[in-house]
Q: 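If you scroll down you'll find the structure; I have some questions about it.
Lettering of chains follows the sequences in order, A, B, ..., and the numbering in each one begins at 1.
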Protein chains: 2
Amino acid sequence: MNTNHEVIRRLSKYRNVMRKMKELGLVKVFSDNLADAVGVSPSLVRKDFSMFNLTGNKRGGYRIDDLVSKLNVLLGKDKKQKVVIIGCGKLGQALMNHNGFPRVGIRVVAGFDSDPAVLDAEAPIPILHIKEIKDFVTKNQISVAALTVPEPCVQGMVDTLKKTCVKGVINFAPLPLKSSDGFLVHNMNMEQEIENLFYNIHFAETNPTDSDI
Amino acid sequence: MNTNHEVIRRLSKYRNVMRKMKELGLVKVFSDNLADAVGVSPSLVRKDFSMFNLTGNKRGGYRIDDLVSKLNVLLGKDKKQKVVIIGCGKLGQALMNHNGFPRVGIRVVAGFDSDPAVLDAEAPIPILHIKEIKDFVTKNQISVAALTVPEPCVQGMVDTLKKTCVKGVINFAPLPLKSSDGFLVHNMNMEQEIENLFYNIHFAETNPTDSDI
DNA sequence: TTATTTATGTTATATAAATCACATAAACTC
DNA sequence: GAGTTTATGTGATTTATATAACATAAATAA
Ligand SMILES: NC(=O)c1ccc[n+]([C@@H]2O[C@H](COP(=O)([O-])OP(=O)(O)OC[C@H]3O[C@@H](n4cnc5c(N)ncnc54)[C@H](O)[C@@H]3O)[C@@H](O)[C@H]2O)c1
Ligand SMILES: NC(=O)c1ccc[n+]([C@@H]2O[C@H](COP(=O)([O-])OP(=O)(O)OC[C@H]3O[C@@H](n4cnc5c(N)ncnc54)[C@H](O)[C@@H]3O)[C@@H](O)[C@H]2O)c1
């Protein structure tokens, strides 16, 4: 399939909007509604759906229920998505206790750290020693980790994880890690994002429909 | 100018790479070097520079010193970039104490919260009551805020900030806020990013050169 | 000094992504 | 039940973004 890289991100947004619409008691939705909510054109909404054979009714739009459950399967949201947090410092601990994750089916199953002071194997979400990472991810079939270790440790940690069943990481250190063969990296670079926002505010011509990035 | 939306982000990456090269004692850099480091083609690096009249030497590449200081001006990194954190809970506190920000010239000048229990006007980075936000940003000429309040408060907070000198926010709540007229929003949606990573791992055809997003 | 090498700067080309436009079919109207 | 409305689904077109190609000028070598 000729899958555009942004389309999955948009499907996820459509899904979230529809989940909220459903809570309001709504039953159907039109491409115009989703377009407005997500900030794209209606035709792109339809094309995105069409690309994955998500069909609606020639007049009555799409049935929310139907579409959400199909999207759940498509996006893998019908299964619990297990992640581990590597580096339980300020940011790592915030992520471990973030209640937004369980709400959307993301389950933080453990944290790992090298500092004995922060370890706690008995906590609801245990914090284990980093030396146990390989065993743990293997035993628990973890495919995703969040990297919240100091920048100098990041590359080494990636090299370690590559030898396990972990297939991708969200990297929070401000260095642009690159994906390779079977190992995907998504970078969340807050410094970069703030710098970029400053630039757009102070130097870029103000473009009203500048997208949310 | 016909500015591509991604180019500023790349300039920022080039700059970071060059700063590190400089620390290693290097003096000049070639488009190939930056291309490798950032994961784009050398011609794109040159085009990005050319777009902003950043020129090198027909044979000897670019002088790092020169380029970094020009990029500093271009990106506004020659001035301190002041931000406030709105919502000093788990994530907000992590951001307030994040040592990566000062390191790149981003200064968190204050936090704001509605919960009296977390206020501390005497701390090095004071945490003030949210009712003081308007006065503070006006007096201190703040143009950027990080939004780390619970999702239901986000829209209201944006409406408040729009009436001040704040011209943009980084939104950490998992709802896709849209930019409008003179008010820019950059969304950092971790839930979305993790979902997307899961999808790419489990369903997408493994594409080695899948970019860092 | 002349030839050769090499990396820039820029134009031409290719690829990717989004919008436009419209034929189509379902649902309403009279 | 014929005509009208309306929103989907998709091919054609436009716009955006990245790569490839190459002429050019500085540096080196002969
Ligand atoms: N604090 C933030 O809000 C924030 C924001 C953006 C990015 N980040 C990035 O996230 C990372 C962590 O930041 P932080 O502020 O939480 O730092 P921190 O110092 O509070 O936490 C880092 C943790 O990693 C642990 N650690 C160090 N080496 C390790 C190793 N080899 N194996 C396992 N654990 C190890 C430390 O013991 C510590 O607990 C950094 O790369 C930082 O740039 C943080
Ligand atoms: N914790 C994380 O790691 C994490 C990760 C991703 C996104 N987020 C998002 O960041 C936001 C904050 O998450 P958190 O985990 O820090 O939550 P939290 O409950 O720990 O913190 C929220 C803070 O906002 C304050 N607050 C509430 N209403 C306010 C108002 N009207 N004005 C000012 N302050 C107000 C609360 O007093 C509290 O201190 C949420 O939207 C969440 O979805 C958090």
Side-chain angles (χ1 to χ4, degrees), chain A residues 1-11 13-14 18 21 26-64 66-67 70-71 176 178 196 204-205 207 209-213, chain B residues 1-11 13-14 18 21 26-64 66-67 70-71 176 178 196 200 204-205 207-213:
Chain A
M1 206 189 308
N2 190 9
T3 307
N4 171 321
H5 276 173
E6 287 301 309
V7 66
I8 295 299
R9 217 174 284 270
R10 286 195 298 268
L11 289 178
K13 287 183 190 174
Y14 303 146
M18 285 189 281
M21 289 176 80
L26 298 175
V27 174
K28 47 189 179 178
V29 64
F30 304 114
S31 58
D32 278 61
N33 301 139
L34 293 172
D36 289 338
V38 170
V40 297
S41 70
S43 60
L44 185 56
V45 175
R46 298 197 295 274
K47 189 168 253 186
D48 286 344
F49 287 162
S50 143
M51 193 164 251
F52 290 92
N53 298 317
L54 301 169
T55 61
N57 309 295
K58 266 285 185 199
R59 186 161 159 166
Y62 302 84
R63 291 200 63 83
I64 291 178
D66 186 41
L67 206 42
K70 278 178 181 161
L71 281 175
K178 275 173 288 180
N196 200 229
E205 67 291 319
N207 177 357
T209 46
D210 207 352
S211 85
D212 52 312
I213 299 160
Chain B
M1 205 188 309
N2 192 7
T3 309
N4 173 319
H5 276 172
E6 287 301 309
V7 66
I8 294 299
R9 217 174 284 270
R10 285 194 301 267
L11 289 179
K13 286 183 191 173
Y14 303 147
M18 285 188 281
M21 290 175 80
L26 299 175
V27 173
K28 47 190 179 177
V29 64
F30 303 114
S31 58
D32 278 61
N33 300 139
L34 294 171
D36 289 339
V38 170
V40 297
S41 70
S43 59
L44 185 55
V45 175
R46 299 197 294 275
K47 187 176 252 189
D48 285 345
F49 287 163
S50 141
M51 194 164 254
F52 290 92
N53 298 315
L54 302 169
T55 62
N57 308 296
K58 266 284 188 213
R59 189 165 156 160
Y62 302 84
R63 291 198 64 83
I64 292 178
D66 186 41
L67 206 42
K70 278 178 182 162
L71 281 175
K178 276 172 288 179
N196 199 229
N200 287 330
E205 65 292 317
N207 177 357
T209 46
D210 205 352
S211 86
D212 53 311
I213 301 160

Q: So, is A:Ser41 close to the C:dT19 phosphate, meaning a side-chain N or O under 4.0 Å from OP1 or OP2?
A: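 Answer yes for this pair, as a side-chain N or O of A:Ser41 is under 4.0 Å from OP1 or OP2.
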
Q: Starting from P on D:dT17, measure out to CG on B:Asp48 and report it in whole angstrom.
A: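 Those two atoms, CG and P, are 12 Å apart.
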
Q: May I ask you to verify if any side-chain N or O of B:Ser31 is less than 4.0 angstrom from the OP1 or OP2 atom of C:dT8?
A: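 Yes.
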
Q: Taking only distance into account, with no hydrogens and no angle test, what donor-acceptor pairs under 3.5 Å do side-chain atoms of residues 31-39 of chain B form with protein atoms, sequence neighbours excluded?
A:
from    : atom 1 : to      : atom 2 : distance (Å)
B:Ser31 : OG     : B:Arg46 : NH1    : 3.1
B:Asn33 : OD1    : B:Phe30 : N      : 2.8

Q: Select base, sugar-phosphate, or nothing to describe what A:Tyr62 touches, counting heavy atoms under 4.0 Å on all strands.
A: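 Since only primed, P, OP1 and OP2 atoms lie under 4.0 Å of A:Tyr62, the category is sugar-phosphate.
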
Q: Provide a list of protein-nucleic acid N or O atom pairs under 3.5 angstrom, restricted to nucleotides 23-26 of chain D.
A:
from   : atom 1 : to      : atom 2 : distance (Å)
D:dT24 : O2     : B:Lys58 : NZ     : 3.3

Q: Rounded to whole angstrom units, what separation is found between the CG atom of A:Asp32 and the P atom of C:dT19?
A: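 Whole-Å distance recorded here is 13 Å.
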
Q: Output all residues satisfying ring-ring contact (aromatic ring centres under 6.0 Å, His included) with A:Tyr62, sequence neighbours left out; order by chain, then residue number.
A: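 With neighbours one apart ignored, the set is A:Phe49.
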
Q: Looking at A:Tyr14 and A:Val40, what are the two nearest heavy atoms and their distance?
A: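 For A:Tyr14 and A:Val40, the tightest heavy-atom pair comes out as OH-CG2, 3.9 Å.
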
Q: What residue pairs, at least two apart or across chains, pass salt bridge (Lys or Arg N to Asp or Glu O under 4.0 Å) with a residue in residues 47-57 of chain A?
A: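 Listed once each, the pairs are A:Arg10-A:Asp48.
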
Q: Could you tell me the separation between the CZ atom of A:Arg10 and the C1' atom of C:dA16, rounded to a whole number of Å?
A: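 In whole Å, C:dA16 C1' lies 12 Å from A:Arg10 CZ.
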
Q: How many Å lie between CZ on A:Arg63 and P on D:dT8, as a whole number?
A: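 So the two atoms are 14 Å apart, to the nearest Å.
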
Q: Check B:Lys28 against B:Met21 and note the closest heavy-atom contact, atom names and distance.
A: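 Here B:Lys28 and B:Met21 meet closest at O-CE, 4.3 Å.
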
Q: Taking only N/O atoms, report every protein-nucleotides 13-15 of chain D pair under 3.5 Å with atom names and distance.
A:
none

Q: Between D:dA18 atom P and B:Glu6 atom CD, what is the distance in whole Å?
A: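 From B:Glu6 CD to D:dA18 P: 7 Å.
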
Q: Which angle, rounded to 10°, do you find between the first-five-pair axis and the last-five-pair axis of the helix from C:dT1-D:dA30 to C:dC30-D:dG1?
A: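 If I round to tens, the end axes sit 10° apart.
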
Q: OP1 or OP2 of D:dT19 sitting under 4.0 Å from any side-chain N/O of B:Arg46?
A: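 Looking at the OP1 and OP2 atoms of D:dT19, neither is under 4.0 Å from any side-chain N or O of B:Arg46.
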
Q: Measure the distance from CG on A:Leu44 to P on D:dA16 and round it to the nearest whole Å.
A: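 So the two atoms are 15 Å apart, to the nearest Å.
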
Q: Measuring from atom CG of B:Asn196 to atom NE2 of A:His5, what distance do you get when rounded to the nearest 0.5 angstrom?
A: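 The distance works out to 9.5 Å.
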
Q: Base, sugar-phosphate or nothing for B:Ser43? Non-hydrogen atoms, less than 4.0 Å.
A: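 B:Ser43: base contact, heavy atoms under 4.0 Å.
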
Q: Whole Å only: how far is the CG atom of B:Leu34 from the P atom of C:dG9?
A: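 One finds 12 Å between P of C:dG9 and CG of B:Leu34, rounded.
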
Q: Could you pull out every donor-acceptor pair under 3.5 Å between side chains of residues 50-61 of chain B and any protein atom, sequence neighbours left out?
A:
from    : atom 1 : to      : atom 2 : distance (Å)
B:Asn57 : ND2    : B:Gly61 : O      : 3.4

Q: Separation of A:Met51 atom CE from C:dT19 atom P, in whole Å?
A: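 Going from A:Met51 (CE) to C:dT19 (P), I get 13 Å.
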
Q: Measure the NZ-CG distance between B:Lys13 and B:Leu71 for me, rounded to the nearest 0.5 Å.
A: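 Going from NZ on B:Lys13 over to CG on B:Leu71, the span is 14.5 Å.
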
